[in-house]
Trainee: 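Got a structure for you, written out below as structure tokens; questions coming shortly.
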Amino acid sequence: MKVSYRWLCDVAPGIGLTVDEAMARLALRGAPVEEVEDLAAGLRDIVVGQVLDARPHPNADRLTLCRVLGPDGEVPVVCGAPDVRSGSFYPFAPVGAKLPGGFRIGKRKIRGHFSQGMLCSERELELGDDQAGIMLLKGDYEAGAPFAPAAELDDHRLDVEVTPNRGDLLSHVGIARELHPVGQGGIVLPAFPTGAGAGVGLESSFARGSSDSASAGVRIRIEDPELCSRYLGAVIRGVTVGPSPRWLANRLRAAGQRPINNVVDATNYVMLELGQPLHAFDLHRLADATIVVGRARPGETLVTLDGEARPITSEMLMIRDADRPVAIAGVMGGRDSEVSSESTDILLECAHFEPKQVRATRRALGMSTDASYRFERWVDPATMETAVLRAVELVLAVAGGEPDGEVIDACPAPWEAPVVSLRPSRVRHLLGVEFSSAELVALLAPLGYREARTGSDVVDFVIPGHRSYDTLREVDLIEEVARTYGYDTFPSALSAFRPGTVPDDPVFQLEDRLRVRLAGDGISEAQTPALGPPRHGDVPLLNPMSADESHLRRDRLPGLLTHLERNLARGVRDVRLFELGTAFAPGENVATIPRESARVAVVLHGRCAPLQWSGAGGRFDAHDIARVVELIAGEACPGGRVVPAEAGAGGWRGPVLDGAPLLVPERCYQLVDAMGAVVGWGGEIRAGAMDLPPWAGTVVGAEVVLPSSPAPGIAVTARELPDQPASQRDVAFLLPAGTGAGDVLEAARAGGGRLLEEAEIFDLYEGDDLPPGARSVAIRLRFRARGRTLTDKEVDRSCRRVLKKVKGATGVEPRS
Amino acid sequence: MIDELRRLREEALDAFAKARDAGELERLRVRYLGRKDGLISGVLRRLGSLNPQERPSVGAAANRAKKLLAEALQDRLGEVTAARSATERALDLTLPPRRKWRGTIHPVSQVIDDIWRIFQGLGFARARGPEVDTEWYNFVALNTPLDHPAADEQDTLYLAPGLLLRSHTSPVQIRTMERYPPPIRIMAPGMVYRRDTYDATHTPAFAQIEGLVVDEGVTFVDFKATLAEFARRFWGPGTQVRFRPSFFPFTEPSAEVDVKRVIVRENGREEETDWIEIMGAGMVDPAVLDNVGYDSERYTGWAFGMGPARVAMLRHGVRDLRLFYENDMRFLGQFT
């Protein structure tokens, strides 16, 4: 809601707040000001100039030579307008002044005559579109005085943030009421500066009727009382449609509205003043001078006044004449019946429409107007009569004409103020502070909540019309109590609490541990959206923002890879990222909830250690990602094993991108959990799956599915430390091409029996002195027994078992 | 003779292991592996005394032993030389330390973690909920009818009619209360989604953290006190807290919570910041409690929601939210 500070002061003359004070108070009343604009900021250099005399320029037809009295006395001015009047006042930009557009006035010589300043048009001051002539100031002014205050243009526009429950704040009176809660008496509707013409007093009479009412030959009928509880229509004949007077145009502009014509501006003025949207019809364009409020008939269409043909459905409430729709109720009028420069007789509509209906209609049409915005949020039904009379008064004042007949009042469902009961005990229960009934009445009465009845433990309040949509429950009144008492007035005291029944979620705990582990391993945590471009098997969004983020990712690694790509594209060569996030697998069909799983994904590229004097430790490859997967498994998958990926019967079963495996199957591991299920993949990323600069090296990545209910950590049973020395043997094997060193190691471990404490590969050698493809693998075996020293014989026997097992399992023999 | 070889081997290996320097190792080499008087050579020389069937196997064993000992001697020689050079070589302490990569935890995660730790100390537990949810959990159960303008405040991403990406973490309130009886003291961190375009303060997916307390006797006074306590623990003891009226469909009364921090400048002067909006909060609307089958006449509660990324922006002086989600190593690497 854009509020003119001057307007605010006009409707609440006793408000006594500066702009800053008003902003601070609004913030504390729950309607903070998002932005404030000094509307006179561009007019600071402009003054009132009086033209002492004017004569035609001797060397030019269209120019006038003037003597202008400004702040520095008389100066000569050459003016481009032919009709400068001696003795009149104009906005004047002296030499050195800056116009709102930024142009600075200099001393110039025009066709042989000096000009020291400029008389300004509305357009030059950005006050309107009228550039035909310079802006004549009617009335009496002091020459040389600052222009903006003299023309009442020194105003501020406050952009107030209004929450959806506060439709009552969408007007100047509403804002004033909130700022200045002294009851209705504090608010006035100021007289219009323009003479009130024939004028109508607020006592004007109404032609009361139920669903059907008529006056001045105009008939109004409501077919759908649930959707339109009241419709007021006022007929004015003989108006002259034209531009609004300057004060009205300025006021609308100060509140952020563009002036259109005097009649439309009058309705907008009343809406901005009182919050009641109004519409003016050209009465001669209404067939049979009839208004029917009812649902659209099948097949009807309407071109609204913005020129759009609107697809109307039978769900929508329309304003119709005898033949066809002329407006979408509460949303927008039709083009054919709008007020134009030819209009002479008009019908002013002031109606109450059901909020949900207006909302459904404007959403179905994909539009929102000032009117629909207000109707959706509830318009005060108690203000309707004031609003229609105010509008009539203003139209007469600015467009002339005469009211015809009584205000037609079709009111099938008269509004009744709701009554809400408030228990002081419940106030204390919720707010923690004791208020007596009298105190509650004292807090609420200034906001318009009238005490209807006070019982022993309850007070009944009559809700004012402007709050009768969102203040219908006891708790709503309690909020009003808290707001008025002042949130900051309440004490702040910690009290004892009972422990909650909800256990701390184990997945969060697991994620905490993984974060620490992976960061400790030199990998940085990333956060990426779960949204990505279309990919086979991903869940599509119904209303995506862009094609790049139109689907929910079924795994996280591809998304994380795009962030690795971005780093590489920016020249960052060492990239180590991990991410904890959710992946989405499609449900049975589009309407079922996708299956979500928590994931951890990792990508690595570049050097294994920072560049430094003691040499780098190589570059990341699949063996590094295997370590990371093992690290993750240690937290997420107790008993899990990292093993080379197997193709399986159905081919590749790991993550897929663009129809091909995301990982290179021959350079990929899988994580197998204790139950034998594959819960993770890690390995070299297929180069074709990424968009990398030519210098990029191997990228490795992994993704592991986290358990949905991680088992509570099993406490480790500590082993005693050995009490005897170990015996060590080193054995070297010659592995032909195709034999896995890990298989040999595993066989060695399996064959060593219980005396074998540890077996590790400590050397791996490929060289020209070996057969092609063959490798030499050296394994160190460490034997130990509890409570006694092993004899050579025992160690030798165990060694032989190891060799036998290795030979049996892999066919490999020790090198002699 | 095989036994003798084995004994010699063990004896030699033992002696190698005990040797402290190269000189000692040289003496041992001569003793065991010397060509003329070496003990292994002695065995080889006595091969002639064996019968011809035994000769090849013993010979091979002796050669194996000789080779093994030669290798072991070489290894040990390497070890003692390295050990000596390590103790004698001067270390250049002006060199930078030998470094490994350092990983960092995402700055938004760090904020969530810090917030969580404070509330953990106030007796809270974390709860989790799905990111895809229904209109019921995201709106209706939270007292936000779809035909009310409040539902427009968050432009929502849909998967299908009625099925959406949660636009806030508040559905976790409903899901938790459906599953557990009061008292409830939970936090729900998680990702939420809105139909926003990327700019300096918006991304379509971002983290949020939710808090909920429900029990008997919970009042506006507790609500203010707990959040003020949190703010002082998070931003420092001098932090001032302000509660401004606001509107959220699922709380009543509702509040925006602002903090004013005291920051210490480099010259030691203390300075107050402006009021900064940090969270939306309020007393749980009784309609929400009714929707999960709690007795709203008996139980009361309060809730809050905040954006940890916004807090991280304030904490680290980051002006553009997008930096948090670009995951540039040079950015992430700063948050050690």
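Reckoned from all heavy atoms, side chains included, excluding hydrogens, waters and symmetry mates. Reminder, nothing fancy here: chain letters follow the sequence lines and each chain counts from 1. All values reported here derive from a predicted model rather than from experimental measurement.
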Trainee: Does any heavy atom of chain A fall under 4.5 Å from the side chain of B:Val213, the backbone, both, or neither of them?
Mentor: neither
Trainee: Side chain, backbone, both or neither: which part of B:Tyr198 has a non-hydrogen atom closer than 4.5 Å to chain A?
Mentor: side chain
Trainee: What option among A:Pro529, A:Pro491, A:Gly500 has the most heavy-atom pairs under 4.5 Å with chain B?
Mentor: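 Winner by heavy-atom pair count: A:Pro491.
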Trainee: On a heavy-atom basis, which atom in A:Glu549 and which in B:Pro204 lie closest, and how many Å separate them?
Mentor: OE1-CG, 3.3 Å
Trainee: Exactly one of A:Thr592, A:Val539, A:Leu542, A:Asn543 should register a side-chain contact (heavy atoms from CB on, under 4.5 Å) with B:Leu159. Which one does?
Mentor: A:Val539
Trainee: Within this structure, what is the OG1-CG distance for the pair B:Thr104 and A:Leu518, rounded to the nearest 0.5 Å?
Mentor: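 Between atom OG1 of B:Thr104 and atom CG of A:Leu518 there are 11.5 Å.
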Trainee: What part of A:Val572 gets within 4.5 angstrom of chain B, counting heavy atoms only: side chain, backbone, both, or neither?
Mentor: side chain
Trainee: Centroid separation under 6.0 Å, is that true for the rings of B:Phe243 and A:Phe490?
Mentor: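 A:Phe490 vs B:Phe243: aromatic centres not under 6.0 Å.
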Trainee: Pick one of side chain, backbone, both or neither for B:Ala160, based on which atoms fall under 4.5 Å of a heavy atom in chain A.
Mentor: both
Trainee: Based on non-hydrogen pairs under 4.5 Å, which of B:Met191, B:Arg98, B:Glu216 is most in contact with chain A?
Mentor: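 Going by pairs under 4.5 Å, I would pick B:Arg98.
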Trainee: Passes side-chain contact (heavy atoms from CB on, under 4.5 Å), B:Arg185 versus A:Phe497? Steps please.
Mentor: CA-CA 9 Å; B:Arg185 281 180 93 77; A:Phe497 57 84; 3.3 Å; yes
Trainee: Which region of B:Leu146, side chain (C-beta onward) or backbone (N, CA, C, O), has a non-hydrogen atom less than 4.5 Å from a non-hydrogen atom of chain A, or is it both or neither?
Mentor: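 For B:Leu146, the contact with chain A is made by the backbone alone.
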Trainee: Which heavy atom of B:Asp147 sits nearest to which heavy atom of A:Arg359, and what is that distance?
Mentor: O-CD, 3.0 Å
Trainee: Decide yes or no on side-chain contact (heavy atoms from CB on, under 4.5 Å) for B:Thr219 and A:Arg428, but give the supporting numbers first.
Mentor: CA-CA 8 Å; B:Thr219 70; A:Arg428 197 195 55 221; over 6 Å; no
Trainee: Most heavy-atom pairs under 4.5 angstrom with chain A, which of B:Ser254, B:Pro182, B:Ala228?
Mentor: B:Ser254
Trainee: Cationic tip of B:Arg244 within the cone over A:Tyr487's six-membered ring, i.e. under 6.0 Å and within 45° of the normal?
Mentor: no
Trainee: Say you draw a straight line from CD of A:Glu479 to CZ of B:Phe247; how long is it, rounded to the nearest 0.5 Å?
Mentor: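 The CD atom of A:Glu479 sits 8.5 Å away from the CZ atom of B:Phe247.
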Trainee: Relative to chain A, which of B:Pro181, B:Ala125, B:Ala225, B:Gly333 shows the most heavy atom pairs under 4.5 Å?
Mentor: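 The residue among B:Pro181, B:Ala125, B:Ala225, B:Gly333 with the greatest pair count is B:Ala225.
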Trainee: Looking at A:Ala27 and B:Pro245, what are the two nearest heavy atoms and their distance?
Mentor: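 Closest pair (atom of A:Ala27, atom of B:Pro245, distance): O-CD, 4.3 Å.
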Trainee: State the CG-CZ distance between A:Asp504 and B:Arg126, to the nearest 0.5 angstrom.
Mentor: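 Going from the CG atom of A:Asp504 to the CZ atom of B:Arg126 covers 4.5 Å.
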Trainee: With a 4.5 angstrom heavy-atom cut-off, could you sort out which part of A:Arg517 is near chain B: side chain, backbone, both or neither?
Mentor: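 Interface part for A:Arg517: neither.
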Trainee: Between CZ of B:Arg117 and CG of A:Asp512, what distance do you get to the nearest 0.5 Å?
Mentor: 8.0 Å
Trainee: Look only at the side chain of A:His429 and the backbone of B:Gly217, and say whether a donor-acceptor pair between them is shorter than 3.5 Å.
Mentor: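 No, because the side chain of A:His429 does not come within donor-acceptor range (under 3.5 Å) of the backbone of B:Gly217.
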Trainee: Side chain, backbone, both or neither: which part of B:Arg6 has a non-hydrogen atom closer than 4.5 Å to chain A?
Mentor: side chain
Trainee: Please state whether the side chain, the backbone, both or neither of A:Ala482 comes within less than 4.5 Å of a heavy atom of chain B.
Mentor: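 The answer is the side chain of A:Ala482.
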Trainee: With only heavy atoms counted, which part of B:Pro189 is less than 4.5 Å from chain A, the side chain, the backbone, both or neither?
Mentor: both
Trainee: Could you go through A:Leu430 and B:Phe220, starting from their C-alpha distance and side-chain angles, then the distance that decides it, and tell me whether this counts as side-chain contact (heavy atoms from CB on, under 4.5 Å)?
Mentor: CA-CA 6 Å; A:Leu430 215 57; B:Phe220 195 73; over 6 Å; no
Trainee: Between B:Ala255, B:Gly162, B:Pro96, which residue shows the highest count of heavy-atom pairs closer than 4.5 Å to chain A?
Mentor: B:Pro96
Trainee: Closest heavy-atom contact between B:Val241 and A:Asp488?
Mentor: O-OD1, 4.5 Å
Trainee: Does A:Leu577 reach the side chain of B:Leu332, with side-chain heavy atoms less than 4.5 Å apart?
Mentor: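 Side-chain contact under 4.5 Å: yes.
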Trainee: In terms of heavy-atom proximity below 4.5 Å to chain A, should B:Asp196 be classed as side chain, backbone, both, or neither?
Mentor: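 Looking at B:Asp196, just its backbone touches chain A.
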Trainee: Name the option with the most non-hydrogen atom pairs under 4.5 Å to chain B; the candidates are A:Arg566, A:Arg363, A:Arg483.
Mentor: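 Most pairs with chain B among the choices: A:Arg566.
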Trainee: Say you draw a straight line from CZ of B:Arg330 to OG of A:Ser524; how long is it, rounded to the nearest 0.5 Å?
Mentor: 13.5 Å
Trainee: side-chain contact (heavy atoms from CB on, under 4.5 Å) between A:Met545 and B:Thr197: does it pass, once the steps are laid out?
Mentor: CA-CA 7 Å; A:Met545 288 294 285; B:Thr197 40; 3.2 Å; yes
Trainee: Taking side chain as everything from C-beta outward and backbone as N, CA, C, O, which of these in B:Phe324 sits under 4.5 Å from a heavy atom of chain A? Side chain, backbone, both or neither.
Mentor: backbone
Trainee: What's the spacing between B:Asp328 CG and A:His563 NE2 if we round to 0.5 Å?
Mentor: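 Going from CG on B:Asp328 over to NE2 on A:His563, the span is 11.0 Å.
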Trainee: Quick check on B:Asp215 against chain A: is it the side chain, the backbone, both or neither that has a heavy atom closer than 4.5 Å?
Mentor: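 For B:Asp215, side-chain heavy atoms alone lie under 4.5 Å from chain A.
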Trainee: Who among B:Glu297, B:Met283, B:Lys100, B:Glu256 has the most heavy-atom pairs with chain A under 4.5 Å?
Mentor: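 The option with the most such pairs is B:Glu297.
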Trainee: Under 4.5 Å, counting heavy-atom pairs only, tell me which of A:Leu564, A:Leu531, A:Thr528, A:Asp476 racks up the most with chain B.
Mentor: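 Most pairs with chain B among the choices: A:Asp476.
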Trainee: Considering non-hydrogen atoms only, spot the tightest contact between B:Trp101 and A:Ala609 and give its length.
Mentor: NE1-N, 3.4 Å
Trainee: Is the backbone N or O of B:Ile105 less than 3.5 Å from a side-chain atom of A:Glu525, with the two atoms forming a donor-acceptor pair by type?
Mentor: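 A pair under 3.5 Å: no.
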Trainee: Looking only at non-hydrogen atoms, find the nearest pair between B:Ala287 and A:Arg473 and report the distance.
Mentor: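 Taking B:Ala287 first and A:Arg473 second, the nearest heavy atoms are CB-NH1, 3.8 Å.
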Trainee: Side chain, backbone, both or neither: which part of B:Leu157 has an atom under 4.5 Å from a heavy atom of chain A?
Mentor: both
Trainee: Using a cut-off of under 4.5 Å for heavy-atom pairs, which of B:Arg99, B:Met187, B:Arg195 has the most such pairs with chain A?
Mentor: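 Answer, by heavy-atom pair count under 4.5 Å with chain A: B:Arg195.
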Trainee: With a cut-off of 6.0 Å (strictly less than), are more than 12 heavy atoms of other residues, nucleotides or ligands near CZ of A:Arg498?
Mentor: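 Count over threshold, so yes.
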Trainee: Side chain, backbone, both or neither: which part of B:Trp116 has a heavy atom under 4.5 Å from chain A?
Mentor: side chain
Trainee: Quick check on the interface: out of A:Leu580, A:Leu552, A:Thr501, who has the most heavy-atom pairs with chain B under 4.5 Å?
Mentor: A:Thr501
Trainee: Using heavy-atom distances under 4.5 Å, tell me whether B:Pro161 contacts chain A through its side chain, its backbone, both, or neither.
Mentor: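 Contact with chain A is through both the backbone and side chain of B:Pro161.
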Trainee: Taking atom types as modelled, find out whether B:Ser109 and A:Gln527 have a side-chain donor-acceptor pair closer than 3.5 angstrom.
Mentor: yes
Trainee: Crowded around B:Arg242 CZ? As in, over 12 foreign heavy atoms under 6.0 Å?
Mentor: yes
Trainee: Ignoring hydrogens and geometry, is there a side-chain-to-backbone donor-acceptor pair from A:Glu596 to B:Glu131 under 3.5 Å?
Mentor: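 It does hold such a pair.
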Trainee: Could you have a look at A:Asp470, A:Val507, A:Val481 and say which one has the most heavy-atom pairs with chain B under 4.5 angstrom?
Mentor: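 Highest number of heavy-atom pairs under 4.5 Å: A:Val507.
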Trainee: Between chain B and each of A:Arg426, A:Glu376, A:Glu579, count heavy-atom pairs under 4.5 Å; write down the option with the most.
Mentor: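 Option with the top pair count is A:Arg426.
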